[in-house]
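Read through the structure below, which is laid out as structure tokens, and then see the notes.
Below, chain A is the first sequence line, B the second, and so on; all start at residue 1.
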Number of protein chains: 2
Amino acid sequence: MLHLTISQGDGVPIYLQLVRQIKTLIATGRLKPDGELPPVRVLAQQLVLNPNTVVRAYRELEVAGLIYKKRGAGTYVSSEVTPYTDAECRRILAERADALVVEGLNLGYDEDKLVALLRERHKTLRRDAPDEEGA
Amino acid sequence: MLHLTISQGDGVPIYLQLVRQIKTLIATGRLKPDGELPPVRVLAQQLVLNPNTVVRAYRELEVAGLIYKKRGAGTYVSSEVTPYTDAECRRILAERADALVVEGLNLGYDEDKLVALLRERHKTLRRDAPDEEGA
DNA sequence: TAGATTGTGTCACTGTTTCGATACAATGAC
DNA sequence: GTCATTGTATCGAAACAGTGACACAATCTA
């Protein structure tokens with residue numbers, strides 16, 4: 001039973017809220033590789049959404065290489081990582097990092113302060129994640 | 001003469017391209033506090049845009065507290081920083097940091113690798129900035 | 001095979017966003 | 001005061017995004 005929270009009227013599209021939360025669940029290990037995600041209709045009913053909205057979220061996650069689908073069977077977390085090359089990964093993350101740096105500088109955060117924040121957020125996100133099981 | 005580059009058909013709205021680039025110019029000191037920005041019509045003509053598009057970009061920057069406008073006179077870079085409280089700044093940046101961490105984890109970047117990337121991007125952004133003049 | 005379950009595809013409605021045309025209002029220079 | 005310059009406000013057209021209704025197709029289970 002996935003623990004997801006949807007805010008209907010906060011401006012952020014529902015499908016995007018789903019994408020972000022599921023991305024986080026995967027990143028932090030709460031959703032394990034080859035783990036099963038709820039069928040679109042089930043999740044839609046749980047969250048009182050149109051199934052299409054869940055479909056859209058799942059599709060975005062599939063394009064990002066984070067999940068895969070088997071028709072008639074279900075939807076699962078990918079065990080392989082990312083369909084992107086190293087260079088592409090780097091470009092994607094550099095873009096995000098640039099945005100953080102620029103926003104930070106304009107809000108009075110210098111390099112060290114940003115690094116400290118980044119490390120703290122990393123720890124916080126990891127905090128409630130399940131223990132890493134020895135592979 | 002501001003150096004800005006606009007891509008007409010790349011999906012990113014023109015006004016947003018303006019906002020981002022000007023934010024970067026301010027963050028890296030290429031636009032100095034109380035420095036003057038081009039009048040909306042002038043910038044619009046330079047970039048072959050509708051003046052309204054520039055207006056929109058300027059308004060967003062004003063809301064963010066980065067510039068201020070004087071009717072009949074012109075538009076200038078703010079010397080004060082941010083209309084946000086410390087807590088608000090932190091929340092804004094934490095949100096961006098979270099996104100970077102999640103994306104990073106899903107692309108195989110651990111904490112140290114992300115920090116290294118962040119530091120490198122910070123240096124790169126600063127590289128071509130004008131020298132800091134002793135205040 | 002039969003039927004339930006799962007994802008897929010298509011269409012349409014609605015509101016928002018983006019961009020542009022054009023007129024208005026305040027300020028500065030003279 | 002006059003006039004050019006600067007930002008402001010309003011309206012509209014076109015494209016896009018978000019959501020929903022509903023029918024289709026593949027797979028699994030019995």
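- OP1 and OP2 of D:dT19 both lie 4.0 Å or more from every side-chain N or O belonging to A:Tyr15.
- Phosphate contact (OP1/OP2 of C:dT18, side-chain N/O of B:Arg56, threshold under 4.0 Å): present.
- Between B:Ala99 and A:Arg96 the shortest heavy-atom distance is CB-NH1, 3.8 Å.
- In this structure, the side chains of A:Leu61 and A:Lys23 come closer than 4.5 Å at one or more pairs of heavy atoms.
- Summarising the geometry, the separation between CG on B:Leu49 and P on C:dA21 is reported as 12 Å, rounded to the nearest angstrom.
- Look at CD on B:Glu36: it is 14 Å from P on D:dT5, rounded to the nearest Å.
- Straight-line distance from the CD1 atom of B:Ile6 to the P atom of C:dG20: 11 Å, rounded to whole Å.
- Comparing atom distances between the B:Ile14 side chain and each of C:dC19, D:dG20, C:dG7 picks out C:dC19 as nearest.
- In this structure, CD of A:Gln45 is placed 14 Å from P of D:dG20, rounded to the nearest angstrom.
- Proximity of A:Lys69 to the phosphate of C:dT8: a side-chain N or O atom is located under 4.0 Å from OP1 or OP2.
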Any protein N or O atoms within reach of nucleotides 23-30 of chain D? Criterion: under 3.5 Å, listing atom names and distances.
from: D:dA25; atom 1: O4'; to: A:Arg71; atom 2: NH2; distance (Å): 3.1
from: D:dA26; atom 1: O4'; to: A:Arg71; atom 2: NE; distance (Å): 3.4
from: D:dT27; atom 1: O4'; to: A:Arg71; atom 2: O; distance (Å): 3.3

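- Within the 4.5 Å cutoff, side-chain heavy atoms of A:Tyr58 are placed close to those of A:Pro38.
- Side-chain contact between A:Ile6 and A:Leu18 is present, with at least one heavy-atom pair separated by less than 4.5 Å.
- With the nearest nucleotide of DNA chain D identified for both A:Pro13 and B:Arg59, B:Arg59 has the one nearer the 5' end.
- Going from atom OH of B:Tyr68 over to atom C1' of D:dT6 covers 15 Å, rounded to whole Å.
- Residue B:Asn52 has no polar side-chain atom (N or O) positioned under 4.0 Å from OP1 or OP2 of C:dT18.
- An OP1 or OP2 oxygen of C:dT18 is reached within less than 4.0 angstrom by no side-chain nitrogen or oxygen of B:Thr53.
- Distance A:Leu16 CG to C:dT16 P: 17 Å, rounded to the nearest Å.
- Computed from coordinates, the A:Leu43 CG to D:dT19 P distance equals 14 Å when rounded to whole Å.
- Note on A:Thr75: a side-chain N or O is less than 4.0 Å away from OP1 or OP2 of C:dG7.
- The ring-ring contact (aromatic ring centres under 6.0 Å, His included) search around A:Tyr109 returns none, not counting sequence neighbours.
- Residues B:Gln8 and B:Leu49 have side chains in contact (heavy-atom distance under 4.5 Å, counting atoms from C-beta outward).
- Spacing between atom CG of B:Leu18 and atom C1' of C:dG20 amounts to 15 Å, rounded to whole angstrom units.
- Inter-residue side-chain proximity for A:His3 and A:Gln21 is flagged as unmet; no heavy-atom pair is nearer than 4.5 Å.
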